[in-house]
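All values below come from the heavy atoms of this structure, side chains included, with hydrogens, waters and symmetry mates left out. So you know, we letter chains A, B, ... as the sequences are listed, proteins then strands, and number each from 1.
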There are 2 protein chains.
Amino acid sequence: MGQALPQHDVYQAIADPSRRRLLRLLTQGEQPLSALSGQFDMSRTAVSKHLRVLREAGLVTERRAGRETRYAFRPEPLTELRDWLAYFEQFWDNKLAMLKHMVEDGNAAD
Amino acid sequence: MGQALPQHDVYQAIADPSRRRLLRLLTQGEQPLSALSGQFDMSRTAVSKHLRVLREAGLVTERRAGRETRYAFRPEPLTELRDWLAYFEQFWDNKLAMLKHMVEDGNAAD
DNA sequence: ATCATACGAAACCAAATGGTTTCATGTCAA
DNA sequence: TTGACATGAAACCATTTGGTTTCGTATGAT
């Protein structure tokens, strides 16, 4: 009954600077672990664990290709963050919030 | 030399659901610890610690008023989150990203 | 077949996290 | 001045986190 629930959410996933950097790197396209871990000081295994957290949050997908595992960025879970943030935007930047409503609702804004 | 560096950043601060809830509560206005901790199952001390994390991230201020400590929401640090997110928006919502550039740069967008 | 490559799993570890309870202190009220 | 209220500090604890090293196992190249 039902798939395993994700053990990490998007908020936890982006809390770590290394994981944020991984996401950035992956916006340049799908990459195997070896290419990614080459960008970090930590061990390949550690990077692999970070990627797992990102995957559990739905922010990356894995795909085996021969002996490589290729990771790809999935932006969708970031919408939750965006929505969460949107609520607070009214407290520091009305202009942007209004524009978002224009776009999303198709309404004129004054 | 220099002030104590903040031990928590905004990404860590919002990683915890209780802290996100605290921020929401505080958008309704400045409130003392007792009012806030009344909304949670955990102890007053635990809520106090969460508020400290938020304060270290710059998301709340404290002010002593008699025997109370009143906490208030400060939205500014969320701009860092917004900016971080903005980079990724192009990967799932071009329309919004283009509008933001129009607003921020004052440029036409095609 | 052999060997190097690419990776995951497991065991381990130190430090951080999220919570508790107890205690001390300052403030307001009677 | 006595006592209740509001809070922070400290000590403590279990679990999670972020890292390591070692080992096993596919896969691809020679």
Side-chain angles (χ1 to χ4, degrees), chain A residues 4-26 28-73 77, chain B residues 4-26 28-73 77:
Chain A
L5 291 180
Q7 288 135 32
H8 290 93
D9 60 30
V10 68
Y11 301 97
Q12 294 170 260
I14 68 157
D16 184 90
S18 300
R19 287 196 289 269
R20 292 197 296 276
R21 195 149 145 252
L22 278 169
L23 289 182
R24 280 272 188 170
L25 290 169
L26 286 171
Q28 297 169 202
E30 192 185 46
Q31 294 172 64
L33 177 57
S34 56
L36 293 167
S37 68
Q39 304 278 125
F40 291 84
D41 275 344
M42 66 188 97
S43 70
R44 173 186 52 76
T45 309
V47 174
S48 178
K49 285 203 208 170
H50 279 306
L51 286 163
R52 163 138 52 174
V53 172
L54 291 172
R55 192 197 51 187
E56 285 170 355
L59 286 163
V60 307
T61 55
E62 308 183 1
R63 175 169 72 92
R64 287 306 294 240
R67 50 187 166 178
E68 295 182 337
T69 304
R70 307 226 176 103
Y71 292 89
F73 173 54
Chain B
L5 292 179
Q7 288 136 31
H8 290 94
D9 60 30
V10 67
Y11 301 98
Q12 294 170 257
I14 69 158
D16 184 272
S18 300
R19 287 196 290 268
R20 291 197 297 275
R21 198 140 87 77
L22 278 169
L23 290 182
R24 281 273 188 167
L25 289 170
L26 286 171
Q28 297 168 204
E30 193 185 45
Q31 294 172 64
L33 177 58
S34 58
L36 294 167
S37 68
Q39 304 278 125
F40 291 84
D41 276 343
M42 66 188 97
S43 70
R44 172 186 53 76
T45 309
V47 175
S48 178
K49 286 204 209 167
H50 279 305
L51 286 164
R52 163 137 54 173
V53 173
L54 291 172
R55 193 198 49 186
E56 285 170 355
L59 286 163
V60 307
T61 55
E62 308 183 1
R63 175 169 72 92
R64 286 306 294 243
R67 50 186 165 178
E68 295 182 335
T69 304
R70 307 227 176 103
Y71 293 90
F73 173 54

First and last nucleotide of DNA chain D in contact with chain B, 5' to 3', at under 4.0 Å to a heavy atom: what are they?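 Boundary nucleotides touching chain B, in 5' to 3' order, are D/dA4 to D/dA11.
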
Partners meeting side-chain hydrogen bond (donor to acceptor under 3.5 Å, both in side chains) with B/Q31 (sequence neighbours left out):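 Partners of B/Q31 by the side-chain hydrogen bond (donor to acceptor under 3.5 Å, both in side chains) criterion come out as none, since no residue qualifies.
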
Enumerate the protein-to-nucleotides 4-7 of chain C contacts in which both atoms are nitrogen or oxygen and the separation is below 3.5 Å.
unit_1	atom_1	unit_2	atom_2	d
C/dT5	O4'	A/R67	NH1	3.3
C/dT5	O2	A/R67	NH1	3.2
C/dA6	O3'	A/R67	O	3.4
C/dC7	OP1	A/L33	N	3.1
C/dC7	OP1	A/T69	N	3.2
C/dC7	OP2	A/S34	N	2.6
C/dC7	OP2	A/S34	OG	3.3
C/dC7	O3'	A/T69	OG1	3.1
C/dC7	N4	A/R44	NH2	3.4

Once salt bridge (charged side-chain N to carboxylate O under 4.0 Å, His left out) is applied, do any residues pair with A/R63, and if so which ones, sequence neighbours excluded?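 Listed in chain order: A/E30.
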
Sequence-distant partners of [X], side-chain contact (heavy atoms from CB on, under 4.5 Å), two or more places apart:
| X | result |
| --- | --- |
| B/T61 | B/A72, B/R74 |
| A/R52 | A/R55, A/E56 |
| B/S43 | B/T45, B/A46 |

For residues 17-25 of chain A, which side-chain donor-acceptor pairs fall under 3.5 Å, sequence neighbours excluded?
unit_1	atom_1	unit_2	atom_2	d
A/R19	NE	A/A13	O	2.8
A/R19	NH1	A/H50	ND1	3.1
A/R19	NH2	A/Q12	O	3.1
A/R20	NH1	A/I14	O	2.7
A/R20	NH1	A/A15	O	3.3
A/R21	NH2	A/Q39	O	2.5

Looking at A/R64, A/E68, A/R67, which hits side chain to side chain contact (heavy atoms under 4.5 Å, CB included) with A/P32?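 That would be A/E68.
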
If a protein heavy atom is under 4.0 Å from the base, mark B; if only from the sugar-phosphate, S; if neither, -; do that for nucleotides 13-18 of chain C going 5' to 3'. ----SS

Let me confirm one number: the OG1-CG distance from B/T69 to B/L51, rounded to the nearest 0.5 Å.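 Output value for this atom pair is 9.5 Å.
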
Calculate, to the nearest 0.5 Å, the distance between atoms CG and CG belonging to B/L26 and B/L36 respectively.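 Result: 5.0 Å between the selected atoms.
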
Take A/L33 and A/R44 through the test side chain to side chain contact (heavy atoms under 4.5 Å, CB included) and record every step on the way to the result. CA-CA 8 Å; A/L33 177 57; A/R44 173 186 52 76; 3.6 Å; yes

If you pin A/S18 and A/A65 to their nearest nucleotides in DNA chain D, which one's is more 5'?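 The answer here is A/S18.
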
Nearest-nucleotide wise, let me know which of B/T45 and A/D41 is further upstream toward the 5' end of DNA chain D.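 Closest to the 5' end, via its nearest nucleotide, is B/T45.
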
